[in-house]
Structures are given as structure tokens and as C-alpha cells.
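Okay, structure first, notes after.
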Amino acid sequence: MSSRRDFLGELWRGTGGALLAASALILHRALRAAAPAPRETTLSAEAVSRAIAEGGAEWGDLFVTGPPSAPAALSLACTHLGCRVRPASSGGFACPCHGSRFTADGSRTAGPARASLSRALLERRGASWVARL
Amino acid sequence: MGGSALTEAPPGGARSPSGDLGRLAFGFLAVSALSGLALVPFFSPAHALESLERLHDGMPWGFFLRALHAYSSFGLLVTTVAHLVQVLARRTERQLSAGAWWRSVLLFPLTFLALLSGFVLRGDAAAAEALPVWSRIAETVPFLGPELQRLLLGVIPGDVGAISLHHAGTFTFLLWLITAEHGRRLVPDARSLVLAGLVSAALAGAVPLTLGPPPGASPSGAAQILLGPWYLLGLQGALVDLPVPSAWLAPLLLVLLLGFVRGADGRARRLLLVLAGAWVAAWVGFTARILLLAR
Amino acid sequence: MFRAPALIAALFAALLGFLVASGRESERARGTGRGPDRAGARTERCVSCHVKPEEDPGGSHSRAALGCASCHLGNPLAFGKERAHGGLEREPGALSTAAMTCGREGCHPREAARVASSLMTRASGIVSVDRFAFGEIPSPDSNETVADALAAARPTPAGLHLRKLCAGCHLGARRANRDDAIHGNGSGCAACHVARLTKVDPSRAHPPIDAHVPNDRCFGCHSRSGRISLTYEGLAEVEPHQIGGGSRPCAAVKLADGRPACRVAPDVHQTAGMSCIDCHLHTELMGDGMARTHEEEQVEVTCEACHGPVRVGGEVPWSDVKDAISLEIRERENRREDFLRKGKREGSAPDAPTRLGSRGTPILNLLRNSSSSSSSSSSSFVWTLIRKLDGVVLPVKQTPRDANHARKGHERLSCSSCHTAWAPRCDTCHTTFDAARTQWDFAAGKPTAGAWMERSEGFSWGPPLLGVRSDGRIVPAAPGMILDIDATAVDGGKTSRRLLAPMEPHATGKKARTCESCHRAPAAPDFEVGTRTGFRGLNAAEKRRVAAARLEPR
């Protein structure tokens, strides 16, 4: 009798554990599937040439710069923890969160960031440029 | 936790002075939860800053309501820490079972998460920067980093809907649940509730809260260090010098140090407490570090 | 357990806090605007306080459409004045924040970016010529901008001269950092596009913003140095001692900033009611994105572009026009059936012709129409110009193919060499540094020790000298810097310069100048006016004519 009760208790627990594991697996798969896709930003050709003429300009999360023949976009997200870097008064970029510094072409010069600002070459697509980051 | 747990006398009771601060912390939690409930109708995650601005200055006594919520939460944090210090000083940690002690230690990271999520819900510039920082830190947790990050912050970039649900739901529920188990009562006693309410109201009236860009900010927005919430300045400072995973490793270390205190005796207990003290000293040092950098 | 003293103390503290908070609450209730809080489709709490009609710039920038924060920044979501005004831009259009105000995405980013690199912002011609005049650089062609010059930690004598005298005239100078005379309603975009309050209803709190820029907004800066704004209006600046006492008759007037001037013949285009923007193209005024050093490099419009003979490729169908801004404006105006329509133009067909400036920018308000007089058999079309400010249509005379315009040996002459009636002359300028005085410093934005003092023995005016430009063209040349510089007080030594600057005087006359005024005039071979008396090879009648045309002796 008692062994039967024990068995039923084990069964309940085992089923509950399996349910929990299955739910966790489903949640895990759903969360994995929600990974951000590589982001594409479309910029009009005019905006790009304007940014280049200006010596570089912000466009959303990007900083568009480079020679007119091969324009490039720098991501303005600090490579340390993702705060938006701002143009520094001394030139280049500075991160307002932990003080990382980058040169105008995105190379890291100081602070906790280890990598340079990520850089995307712009691809010509019809009348616009596409930056993929 | 059975029904009897709710009616039993709290551990220590009148005999243990550490119970006072613990009950006061529960009082603050209750004031915070009630004032948070009062804020719910005015808050929209999709228009976080705009809805808070409307509440802050566009509603009669709205600024007071918001400040009451913030100061009662700060009160919760401060009294919880003070309660722990008292418990450790008086060696009363064994009044709790081992399981309840470990769960109670978890109240610290939970309180920080609840407060930080509240900060992010402001939606102003400083809050907007806190979001990616939190997100990147969560990502550095091995194996489950991305899942943890999406579970906490949601999968829609820049949206604070998930955080607002965690803030008002998950974190508050867990805080209340563990506090109730810890204090062996479902709700705080009337005196602690009233005292917490009065202290929060005094602070809310006397010290105004900020929101959005400070008055007199320069329109060109020169790059300055954004400090974030005051209770995380140590973390901000640590991230300037330490690798990113230290942002979750260090709290984990503190939780482990405190968790093992209950089971340790004599020298081991002293060693754990010295290490925890060193941890706190480093926190203070890093707070000074970031304040100096921001100057 | 908490005891009564704790409760009493907390009660007392809470009461105190409550009192402070109720004070803040009544302040909040007072300070919160009562008006609506929407502008366009956005929340703009600014408009709930700024409700007066005179606080509305009107037009396309009206408060109802744009609110305030689109231009003035600040915090449009805040209710209270103090927090709403955090980060406020009191001078929208100022170049340091133009990317966030006028140049924000969706508004005028292209224009704001161009202005940042335009000559009126960089003023590198002024800087390099000044340095050249002081002997600090070997040629007047440096790329240094006025911002670079103002940023120098240890200014040279020329740098100090720029700081004290010249650097107020560039678009980067904020309103508060301006000479009184140049003082408009702002800097950057606003320097041209915001009306001076004195010119509109002075009770208005907000001046209107428009694209129809009248001449008085150009006048502040362009009435100095080359003085083209004065010349165009028919005003010759003189020294106070020349009024009344001089041998030359002078219908004296006083400029807004107190400088005396004499009335002379205005430019024929001024007489026709045309304003600066009727000729000058957007690429000249706002720049074309290229950094240029000198004014003649930035200017694109030529006399020939309107009056002919048009250069090869200077007249093309609209379908060949590349300039995006002009195409946009044309499309918009075509839709509006307004401004350009007034000229009875030949439809908006893509093959309708347009005439271009030297770098391919179309002259939008120059239109070809069917000839109104059917008797004209030579051509069934005439070119007309529409005045931008009032829409009046003017015929544009085309240069005749006659002997006067095909004179052998004169191929290199610019139109203005012959058609300029007069040009201002400032033949003497003594510039000394007085360390004992104080003077406004455009780098510091306040008066600082030391002042550059300028003294002239008098101005005059007359037919311009001609010079050969580096590209071989013969153009009017003004004695731009005939000056003695005494910079000994700033370790600079003494310099004496006699520099001529190619210029367009903007004093086109009805008649072309005579042969003698170039070939026989005393001013022609040298700028030391009035010192030559003998003219070999002239007969008596010619000598009389030359003597009559002789310029005022100094």
C-alpha cells in the first residue's frame, strides 16, 4: 500500500519535472529564436554624400563617413557595454557611461572598451546604400 | 510555508532588536508596492518618459507620488542592508532555517533588480543608456546569457514593456514572497507600515526627484559621464576597470559569501565576513572612482 | 519595537515634508500651462504656456505645425518652466546646434550641412588675406578657417587682428558675440532666414522665418570691406571729416551703424528692384558642400549666365539639370502654381530650357517665355527674371552681337570691367595696435585688453581699376589693402602693403565706361590717385575730358 503511494508520488513528481523541463526547453527555443537578425540600415545616396561632405554625420545608430568612392558606417554603440558614444570636444568619440574613447575612424584609444567601433562598409543597392551591422 | 507560518510570532520578536529593521524593511516594501500600484494608471511603457512627465508635473501631487515610490524603495534597500548588518553583528542568522536564509540572501540581488528596473522605466537619457549596459552584462553569463538577457529585458530592442512587467510583477512578487516567509507574516505590522510611510513621505516632500535633462543643460549635449542610479555607482566604477562579467560575478560572490555565513563557525565565519567587508570596501572605492571620473 | 518617540519624530518629519511638497504643488499648479499641449502630431507642452499669438513665427514654421522644441530644443515633455527649458537653444540656427535644429532629419539637413562648410561660415578668404597682409603666410590661399584662427591659443598679430576686428562676420558667430551693426536675430541659418525684429512689428516676440531674404540681412556683413551692399544701394562710405568739407558734392546719409556715406548712383539691378537673392544661387549662399578659400571661388553666377552670350553648356533643358535642390524647388513651385508660374512660363515640361551658373546650378527665377510682342521677328522667345520677393517679372536684355562687344584685344575683359560705373576706394589705411585700450574680442566673446585702431585719410569713389586675375580674365580690382600696419605693440613690427583685390563692385551703370577711363585715366596705371598730371599723347580735348573724370584728390 505504502509502496503504491510512494510510486504514485514519484509518478506525480516525475511528470511535474518532465513538464517543467519541457516548458523550459520550449522557452529556451523561443528565446533562442528571438535572436536579433543582422540589422540592415538603408541610407539614401544623397544622405551619404551629404554626410561625407560634412566630414561624417550621425544617422540613427550609425556614423557615416569615408571617401566618396567607398563610404563606411561606424556603429555608435560603444563596444564596451553598448552606450551611445558621442562626438568628443577633443575630436573622435567618447562614451558617456564608462569613459571609453575612440578616434574619428573608430579606433579605441582609452577606457574599458577593448575593440574599436564596429565598422560596416556600405553596399550600393540601387539609389541607396545599405549598411549591415 | 503553511498557514501557521503567517500567524506565528516573528523570529526574535521584541527580544531581538534586529527584528525592528527587518519589519521596517517590510513596511517600506509595502509602501513601495502600494505607491507603485498608484502609479500604474499613469504609466505607459511605450511612452515611458512622456507618461512620467505628465504624472510628474501635469497631475496634482504626481511628483509626490512618484517620489514616495522612489524613496520607499530606497528605504527598502537601506533598511534591508542595515537589517543584515545587525543580524550579522548579533549572530542571529541561525534563527532562520538554512533554506530560508539562502532565500533571504537572494533578497539583495532581487531588491537591486527591482530598483534598477524602476530606474530603466524612467525612459530618459540616463535610463536609455542603462538598458544596453544591463543587456550586455546579462549576455556575458555563460551558457544562458542570451536567454537570460531576453527573459529579463524582452526581445523587442529598446522596449521596456517586459521590464515593466518584471518590475511590477516578478520582482515585487518574489520580494514579497521571500520577505513574508522570512518574517513569517503575510503583511507588515501596522507600526512599521506607518513609520515607513511617514519617512518616505518626509523624504518625498523634502527632496525632489529628477527626470529628464537637468535644468541648465547645454543644448549641444557635450559628452559627460552619465552616472546612473546612486545605488549602482560602485558597479559603474567597477566596469571602468574590471572586465564585464564582474558585473554579475561580484554580486554572485557576495551572495555566496553571505549564504555560507549561516553554516560557518568561528574562523570560517570571520573569514567570510572579512571577505564580505572587503567586497563592500571595494564597492565604496569604485563609487569614488566613477565620481572622480565624472568630475 | 518602535516606540512613540520614533512615531512622533517621523510624524513631525512627514508634516514638514508635506508642507514643502504643498508649496511645490502650488508652484507646479501655477507654472503649468493651461493651453493645449500638441503641435503637429507630437506632444509639445511648450505650447501650453507659449500661447500668445506674437510668439508664433507663422508660415511654414508655425507653432501649430512645429511646436517650439523642433527648433529650440529643451524638453517638450516637461510641464514646469525650469525643466522644460533644460538644454534650451535660445538661438536656433546657430551652427553649433544646427544639426539638431534646422538641420534635423526631415527638415533641412542638407542645407545645414552645406552651410557648415560654406565660405560664409569658414571665412577662410578673410583669414588668409589678413595673414598674407601681415606677412605671416607667403600666399593668401590658406585653408585656415575663422574658427581655427579664433581657437589659436597664442594669436599672432594677424590672429589678434582677426579676433578684434574681422571675426564677427561669419555664420558661426553667435548673436551675443556680434558687433552691434551686424547684430541680427541670430547666427548660422538665422542670420539670413530670420527677420530683424525692428523691421517687423516690434511688439512681436517671435520674428518670422522665411526663405525670401531681403537685402538688409546681407547688409550687416557685406557693407564692410568690399562694401558691395553699400555700392549696390548707391552709397559710398566716407570718413566723417569728408562730409561738408570735401571738394566733392555729397548727399550725405547716415548708415544704421552711424557710418556716414554719400549718395551715388545705385546699381541698375537695384534700380530694377532686384535683391541679392535674385541673382545669387543657393550654392553660393549656403555653399555646395565644398570648402573654398575665396569668394570668387564660391560665387557661381555670372553676368553672362543671364545676359549672354551663354557659355557652351550654359543653357540646357531641365531634364539635364543635376542639382537636386533646384529640382526639388522647381517641383514644389510647379505644384504650388505660385512664384514661378507668375512668369507666364512655357509649362513645366522637362525640355524647357534653363540657364546655369558656372558649376551647373540653374538660375531658378530666370525663365524663357514666348515673346509678348509679336512684332519681334528675330526671336520668338525672351528671357525674363522673376523677382523672388514680390514676383514682379522683368525682361532680361541679351548682350547684342555688335562691334562694342567684339572689340579686338578685349576678349579677356569681364562684363563688369566696362559696365561698372564706380567702385569705392580706400587708398589709405593706417592700422596700429593700441595696448592701452580694450576692444571686443570675438574669441573670448567679451572685451579684452588691446585694440586694433584703423585710421583712414578718407575714402573716395570712381571708375574701378582693372587687374588681371590668375585665370587671365581682366576684372575690376579694388585697392583692397593699402595699409600701413604697426604691430610693434604685439611683437609684430611694421609692414606697409599695397594690395589690389579682384572684385565685383556691384555698381553696374546704364552706360559702359569710356576708353579713356581705362587707357588714359590717372588711376589706371597706379592707384596713387591724382598724382599724375602729364598725359603724353592726348590732345587738349582729351585732356579736358580726363581732367573732368579725374578722381577726387585726397
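Note on naming: letters A, B, ... go to the chains in the order of the sequence lines (proteins, then strands), and numbering restarts at 1 for each one. What you are looking at is a predicted structure, and each value in this text was computed from that prediction instead of being measured. Quick note: numbers below take in every heavy atom, side chains included, and nothing from hydrogens, waters or symmetry partners.
- Nearest heavy atoms, Glu129(B) versus Cys97(A): CB-SG, 3.9 Å.
- Of the listed residues (Leu227(B), Val244(B), Leu239(B), Asp241(B)), the one with the most heavy-atom contacts under 4.5 Å to chain A is Leu239(B).
- Other residues, nucleotides and ligands contribute more than 12 heavy atoms inside 6.0 Å of the CZ atom of Arg124(A).
- Checked by atom type, the side-chain pair Thr42(A)/Trp129(A) shows no donor-acceptor distance below 3.5 Å.
- Neither the backbone nor the side chain of Ala30(A) comes within contact range of chain B, judged by heavy atoms closer than 4.5 Å.
- Closest heavy-atom contact between Leu62(A) and Ser75(A): CD2-CA, 4.2 Å.
- Not one N or O on the side chain of Tyr231(B) forms a donor-acceptor pair closer than 3.5 Å with the backbone of Val78(B).
- When heavy atoms are compared at a cutoff of 4.5 Å, Leu151(B) approaches chain A by way of both its backbone and its side chain.
- Taking chain B as the reference chain and counting heavy-atom pairs below 4.5 Å, the highest number among Arg114(A), Arg84(A), Arg32(A) is found for Arg32(A).
- Only the side chain of Leu293(B) comes within less than 4.5 Å of a heavy atom of chain A; its backbone N, CA, C and O stay farther away.
- Both the backbone and the side chain of Val133(B) come within less than 4.5 Å of a heavy atom of chain A.
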